[in-house]
Amino acid sequence: MTKEYHYFNQSSIDDLCVQLSSEIPGGMGPDASEDCLAQLGTRSLSAQDFRRCFLPNSVALLTSLCGNESYPPPPEGSWAAEYCSHQVNNSSHNLSAELCAYNNWALASFTNSTLLELCGGREGLRDHVCRNITLYHQLATNHHWLLDFCADPGAKPEGIKCFLQRVFDMLPAPYNFDTTQLCVNPGPFLLEALYRLSQCEGVVDERVGWLGTVSYVLRVLDFVVGLSAGLEEGESEVRQGLGQAILLSSLLDNTSFWATLRPNASLSVLQTVAIFLRKEQDPSLKEDLLSCFSPVLWDLIQREDNSSALRVLLQEYLQMPRESIRTMVMSAEKDAVKRFLSHMHQSWDQLQVETSQASQKEQQAMETMTSAFIHKFPRVTPDLFVDLSQFIPFMSVSDIMSFPASLMVNDSVLMAIRDHSSNMKSQQKRAFAKRLLQSHVLGEVPSWPPYFLSSILPLLPHLPVCHFQQLTSQQLSPLVEALGNTTLDGIRGRHVLRTVFSKKTNFTSDEFLRLGVLGCYLNPEDLHVLLLASPLSQPLWQRLALCVSEGHTSASGRLSHWLLLALRSVNGSTLPPPALRSLHGLLPHLGASFLQSFPFSQVLDLLSQSDLPRYPPAQAFQILSSITKHTNLSMDTLCKLKPLLPGLSPLALSTLSWPELGDASLCQCWSLVLAELRPAQRGILYNTLQQFILMVSLKALDRTLSNATLHLHCLLPYVPLRKLMSELDGPAVLKDLPLYKHLPWSPQQAQLLFKKILQAENITKETVETLGYIAGGMSCDWLRLWANESDFSELVRFITELPGEMRPALRKCVTEELGKRPETNMSVLSPWFSAGLPVKMTQNLSNISLVAVLEYIQKNFTVFLQLPRHKQTAWADLALSVLDITLEDSISGAALDLLGPLFLFLDRDTFRQVDREALRLRLEDLKAYCLPKDILIEVASILTDRGLFGEASSWTMGDLEHAGRLVFALSPRQITSIPLDVLSTEVVEQILEGERSWEDSEVGRACGVLHGQGEKQRSLLRGIIKGRGRRRKEPTPSCADIKGTFPSAWRATQLGRMGEGELGQCVEVVGRDGSLSPEQRRTLWTKLRRAYSPMKTLRSDQILELGCILTEMSERELQEANLSDLGTVAHLGTLTEWSPKKMRAAILSFLRHSRQKVEQLGETELASFGHLLCGLTSSEIRRLDPYKLSLAVLFLRDLALPCTEQQTEALTSRLSSPTGFGPISSWGSEVFTEIGTLAAGLADMVLSALVKEQIEGLTPAAIALIPPGKLAVVFSETQLSWLSQEQATAVTDDQWAELSSEQRQALIKALYEGEVVQEHRGRNWAAPAWSAESLSVWVLHLCCMLCHLL
C-alpha cells in the first residue's frame, strides 16, 4: 500500500515521509501479547515486536476504506474511490468475509479496535464473545467495556476505543488531554502532541526520550490520518505535522532503530532528506531541520562518504539566515564539528565549490559559517587549521588575527595557505603576514632563513612595507626569479632591485626579461635606453606593455610615453594575438591611427574587449566616424563599444541600425550606455530616440504611452518631467502600473506620478505598497495621515526599504514622525536609513540594529562619507562600544582591523591614542582611506612622530615611498622640508600617480580632494620644476615630463619654451587639465595656433583634442570655427574656463553655421550648450521656447552656470511661462528639483515667498549657488529651519558669514535636526578655551600695558 501512498499525498514533507517508510516489508496481522506495554515501557522493544504489537493488518484498513458490508464504498470521483480502484484488482473480492470470520480469530484479534469497528455489525459476533465463557473471562479482565457490551444485548460497541486513542494510551507520552477526543476531533490534539517533537529542545527531555524509538508509531498515525485526509477540516495540518515528526524522530534515533528494519538505512535517510531539501518550498521548514539535526546528518554523511548529500547540505546552508548558521554551528558538539570539518576537507574537491561564482548572499553565508567554525574552538591546532583550509578565502581579517601566532610557522599550515593563496583577497594575505610577524620563533625579519622565505612566498608581497624593507640582499637574491612571477607592487619591487642590484646599471634586454614583474620597476630612464635600440625588440616592448596592462606601470606616465613613441613603427595588424593582448592597457593611448591598418571586423573585436580603458574624446570621435563610414553601426555593436562613448555624436547616432521594438536587448543595451553618458549626450540620445519612434510611425509619448515607448521602458526615467506632466494622467499610470512600479524613477518623477495617482484614486497604506518605486514620491502630508495608525512601524519599514534614492525631505519627515513616537519599533528600519538618523535617536537602536548599520557602513562606505561630520564621528564612537573595543593606553592593531576606515573619523582625542607600530603595519590600508579635513593635522603629527617616520626633514627615500599619497596630509611647509635628494623624479611620479588613481576610485570621488592639494603637489615637485643645485636653470619640460607630473605644475614661461613637436605629442593630455591658469592656456594656444590654422578648416576631432586650450582662442577665431556639430558643442559646454565674450562668440558661431535662430532652438541644442548657454543675452533668453527649455533643464540641472543675475532670472522667467512649468506659485517641490541649479536664479521676491514644500525641492547644489548676500536677504529664520540636513550642509562659508545670528541658529537646527549643539562647521559658539599660546600672548600684552603706564 505504501507504494501507492504518494498518489494522494501533495506536500513535499509528506513525500519525504512516504519515501522514508517505503519498501518496508508487509506484515502479518497483529499478534498481540500481554507484554507489549511492558516492553514499550522499558524501551527494549525490538523492531519485530514493534511491528507485531502495533502495525494493523493492511487488508483490514483497505477494507475499511474501500467498503464492506457495514460501510458503503467511497463516493464516486473522490480520491478514495480512485485509490481503491487501484487496489481492488490486487485484493480479494471476499475481503470482508475473510476478515470478519471471527471463528478463526486469535485471542488478540478481539481487542483489535480496527477489526471490531470493521466487523462490529457482523451477525453472531456478540454471541461469540459474550456466550463463550472462556473467551469472555480472558477478555473482560483487561477490557471492561465488554461488561456493558454483553450486559445490554441491544447495545453497540460505542465504547470501543478508536485506534488513535488506543495508541496514545499505550505510549508513555507527557500529554495531559482526554484521549477520547481523538476519536471525535483528532486534529487539534495531534498537533498539540506533535508540537513538542518539532522543537529541538524537546530532545533532551527525559519524558519525551521515548520518541526517538517510536518513529514507526508516527508512521502508523500518518497512515491512519492519511486515510481520512480531506474529510475533516484541519487534517492536512495534522498530516504535515506528522510528516515532520516522522522525519525528526527518525533522525533523533540516529538510524539505529531503522537499521534493524532495512539495509543501508543511513543512505536511505540521506537520500530522502536530500529530496526533501530540494523539493520543499518553505524555507522555515528546511531551516528547522538543518538547525536541529545537522550533527546527525554530518555523521550519516561521514558514515556513507556521500559527497552528493554533502553538496546538497552545503547548498542549503548557504540559503539560511546568517544568525541561524552561527547558532547551528555553535550549538553542535565540538567533536561532531571536528568530524564534519575533516570529512568536508577530504571531500572538498568532489563538492566542486566555485568561490568566484558565488552570489553575494552565498559569499556572506560562507563567511559566517567560516567565522562560526573558527570561534567554535578557542585554540586552533595545525590539524584543525588544515581541515579548515578550504574556508581560507572566506576568513575575515579579525578571525585570521585571532589564530595563535605559533600556528603561522607550522609547515602544514603554511602549505595550506600556499595551496589556497590564489583564491585569497589581498587583505587576507596581509592579515596572515601581520600575524606571522607576531610569531617570534624565527626572530626578526633579517634573520629569517631562505627556506622559510620560500615557504611563505605567496605572503611575501603582502608583508608590511616597513618589514619588507628589512629583507637583505642575501635573503632576496635566491628569490628574485620567484618574486618576478608574483604580484609584487612598486614599493617592494624597487626595494628588491635597489637591494639585490645596488651596483648594477645598464640592464640588457635579456636581463630585463628575466626579471619578470620586477622589470616594471626599473628606472624609467634605463628602460628608455633599451627602447631606443634599433631594431626594437618585440619581447621587450611586449613585456613593458604587459607592465601597463597589468597595472604595474601607469599608462599615462613617462615610461608609457616612451613606449608609445617606440610602437609608432609597429604594424598592429601583423601582430600575433598574444602581442595584441599585451597592448590592452595602451590601446586608447595608441589612438585612432594605430587601428587604421586593421580589418574592420578586427577593430570591433579589439574595441569590444572587457575592461578596456576609455578613449580620449578626440580619438573616440575619429574611430566612431571611421566605423560609420564603413558600415551602419548597430545598437548591439555600439553597446559593446563603451570605450568610445566619449566621442559619441549625433552623426554616429543617426546612422544606427535599430532592432525591432519588441527586442528585449534594446533596453538591456541602453541601460548600460545611459550610465556612461554625460547629461548633454543623454539629451542628444533622447532626441534621436524620438526621431526613431516617429520613423516607425509611433508617437513617443501619447496619453497612454504607446507600445513603442513601453518597449523602451528603460528610457522612461530619463524622460523630462515636463513631458510626463503634460502627457500622463492618473488612469494612464494605473493602467500600466505593473510596468511603472519597477522602473527606477528619479525622485521628482516619483513625486509627480504619486500625485497623478492620488488625483485618480485614494491611496491607502495598504495600496501604497503596490506602487513600487513610485511610492518614494509620497508627500509628507500623506505620510502624516497614517502616522497615528497602530501599524505605522510597518509603513516606515516599507518606506525605508524602498529601492532607489530617498528624497531628503521624505527622510526628514519620517525622522520627525519617529521622533514624536519613541515607542515605535526601530528595528524595522533598514540599515542605510538608520545610519542617517539623528545622533540621539541612534541610542534607541538595538544592538542587533547597530551591528547591521556598521556592517552596512563597512560595505557601503561612500554612503557613510555623505553623512555630516558630526554623524560620522558619532558612528565611529558607537563602533567602539558595539565592537567591544576597550581603549586603555592606545588603539591596538586588532581595534584598527575591526574599525577599518572608521577609525579616521573618531574624535581627535581618541584618534591620538592610535598605536604607532600598529599603524605602521597598516599604512597601506590607510592609503586607501578617506582622510577627513579636520583630522589632517593629527595624521601629519602621527606620520612625523618619532615612533613612525620622524620629522619630514629626516625622511629617507624608503620613508617617502612608504608614506605614498599620505605625504599630502603634511602641510606645505613640512613637504618643503623633505630633502631634495629624496624627491627623485621616479618616486615623485609614483606618488602623484597613486594620488590620481585614488581620486579616480569610488571612495576617492566621494571623499573629494584634500585641502590645499595643489600647493602641496607643487611643493613636492619643486626639485623637478625648479631644477636642482645652486646654479640651477629652470628646465624646459618634455612631453614625458608633463605626463610624469601634470601640465599645470609647469609655469607658463616653461611651457612656452617647449618645441611645437614636443608639445604636439601631448596636446590632448594638456587640454584635459582643467587647473591650467588663463596665462598658461594663452601661452599654449600661442604655441599651437599655427598647427591648427586656418580656423575655418578646424575639424571636430581637433576641437575635442584642444580641450580647455580652446577657451583662449580669440573671439574672431571662435566665430570662424565651424561649431555646428552638437557633439562638439556638448563637449565645449562642459568647459568652465570661458570668459563671457568668448561664450558669446562660440554661441554666435553655432547659430551662424547651423543657420538657426534663437526662437528655433530645441531641447537638444539647449541641453548641448551647457555652460555656453550663458553666451545668449538676457533678451535672447526671453525669446527661447519655454516648452523646449523646460525639457532641456533635465540635462542642465547639475551645472553651475556662469550666467549673470539678469540671465538666470530670464531663464527662470521663461520656465514659469504657461507653456513651461506655469506660475512659480503653483510649482510643487518636484519642479524645483527638476530645474536643479537654475533655481538659484529665481528673483529675490520669488525666493522669499517660497513655502515649505517648495523649499524642500531645492537641491543642495542650487542652495550653494545662491549669492551669499542674496541668501541672507531672501530666506527667513523659519525658511532656513525647513531645510533638510543635506540642504543645510550645502551652505558655503561665504554664505554663512552673511547670515545673522538668528539665521545661523535656524541653520544649525536644520543641520543637527533639532538637537542642541554648541558647534557648527568647526565654529565654536561657546566661550573660547585658553590655550598656552593664547595665554602667553595675553600676558605679554598685559605686561606691555603695565610698562607703558609705569
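The structure presented is a predicted model; accordingly, all values stated were derived computationally and were not measured. The figures here come from the full heavy-atom set of this structure, side chains too, leaving out hydrogens, waters and symmetry mates.
Taking CZ of R1304 as the start and CG of L1280 as the end, the distance is 12.0 Å to the nearest 0.5 Å. Here L1238 contributes atom CG and E1234 contributes atom CD; the two are 10.5 Å apart, rounded to the nearest 0.5 Å. Taken to the nearest 0.5 Å, the NZ atom of K840 stands 13.5 Å off from the OH atom of Y1312. With rounding to the nearest 0.5 Å, the separation of CG in L1173 from CG in L1199 is 9.0 Å. Taken from CZ in R722 to CZ in F1221, the straight-line distance is 7.0 Å, to the nearest 0.5 Å. Distance check: D877 CG to I885 CD1 gives 11.0 Å after rounding to the nearest 0.5 Å.
Counting only N and O atoms by type, the side chains of T767 and T770 include no donor and acceptor under 3.5 Å apart. There is a side-chain donor-acceptor pair under 3.5 Å between S827 and N825. Side-chain N/O atoms of Q1285 and K871 include a donor and acceptor closer than 3.5 Å. No hydrogens or angles considered: a donor-acceptor pair under 3.5 Å links the side chains of S846 and S849. No donor-acceptor contact under 3.5 angstrom links the side chains of S793 and R797, judged on distance only. Between the side chains of E1313 and T815, not a single donor N or O lies within less than 3.5 Å of an accepting N or O. Between the side chains of T1208 and E1205, not a single donor N or O lies within less than 3.5 Å of an accepting N or O.
Here the side chain of D907 pairs a donor or acceptor atom with the backbone of T910 at under 3.5 angstrom. For the pair Q872 (side chain) and F864 (backbone), a donor-acceptor distance under 3.5 Å is present. Between the W875 side chain and the A835 main chain, a donor and an acceptor come within less than 3.5 Å of each other. H1171 contributes a side-chain N or O that, together with a main-chain N or O of G1133, makes up a donor-acceptor pair within less than 3.5 Å. Using modelled atom types, no side-chain atom of S1217 and backbone atom of G1220 make a donor-acceptor pair closer than 3.5 Å. A donor-acceptor pair under 3.5 Å is formed between the side chain of Q681 and the backbone N or O of R678.
Few gaps surround CD on E766; more than 12 heavy atoms of other groups in view lie less than 6.0 Å from it. Surrounding CD of Q360 are at most 12 heavy atoms belonging to other residues, nucleotides or ligands under 6.0 Å away. No more than 12 heavy atoms of other residues, nucleotides or ligands sit less than 6.0 Å from atom NZ of K933.
When side chains are defined from C-beta on, L865 counts as touching F905, because their heavy atoms get closer than 4.5 Å.
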Q. Where do D934 and R869 land on the salt bridge (charged side-chain N to carboxylate O under 4.0 Å, His left out) test, with the steps shown first?
A. CA-CA 9 Å; D934 58 347; R869 186 67 177 91; 3.1 Å; yes
Q: Decide yes or no on side-chain hydrogen bond (donor to acceptor under 3.5 Å, both in side chains) for Q749 and S746, but give the supporting numbers first.
A: CA-CA 5 Å; Q749 289 175 320; S746 67; 3.2 Å; yes
Q) For L818 and F833, what are the C-alpha separation, side-chain angles and deciding distance, and is it a side-chain contact (heavy atoms from CB on, under 4.5 Å)? A) CA-CA 12 Å; L818 287 173; F833 187 87; 4.1 Å; yes
**Q.** Residue pair E817, R784: steps toward the salt bridge (charged side-chain N to carboxylate O under 4.0 Å, His left out) verdict
**A.** CA-CA 8 Å; E817 293 305 314; R784 289 195 179 104; 3.0 Å; yes
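For the pair R821 and F792, the cation-pi criterion (under 6.0 Å, within 45° of the ring axis) is fulfilled.
Of the charged side-chain nitrogens involved, at least one lies within less than 4.0 Å of a carboxylate oxygen, so that R811 and E1286 count as a salt-bridged pair. The pair K723-E727 meets the salt-bridge criterion, with a side-chain N (NZ, NE, NH1 or NH2) lying under 4.0 Å from an Asp/Glu carboxylate O. A salt bridge is defined here as a Lys NZ or Arg NE, NH1 or NH2 lying under 4.0 Å from an Asp or Glu carboxylate O, and E1230 with K755 meets this definition.
Minimum heavy-atom separation, T1292 to A1264: CG2-O, 4.0 Å. Closest non-hydrogen pair, E1298 versus G1269, comes out as CG-N, 4.1 Å. Here the closest non-hydrogen pair linking L1271 and I1266 is N-CG2, 3.7 Å. The shortest heavy-atom contact between L1215 and W1227 is O-CZ2, 3.8 Å.
The aromatic rings of W745 and Y740 sit perpendicular, their planes meeting at an angle over 60°, well past the 30° parallel limit.
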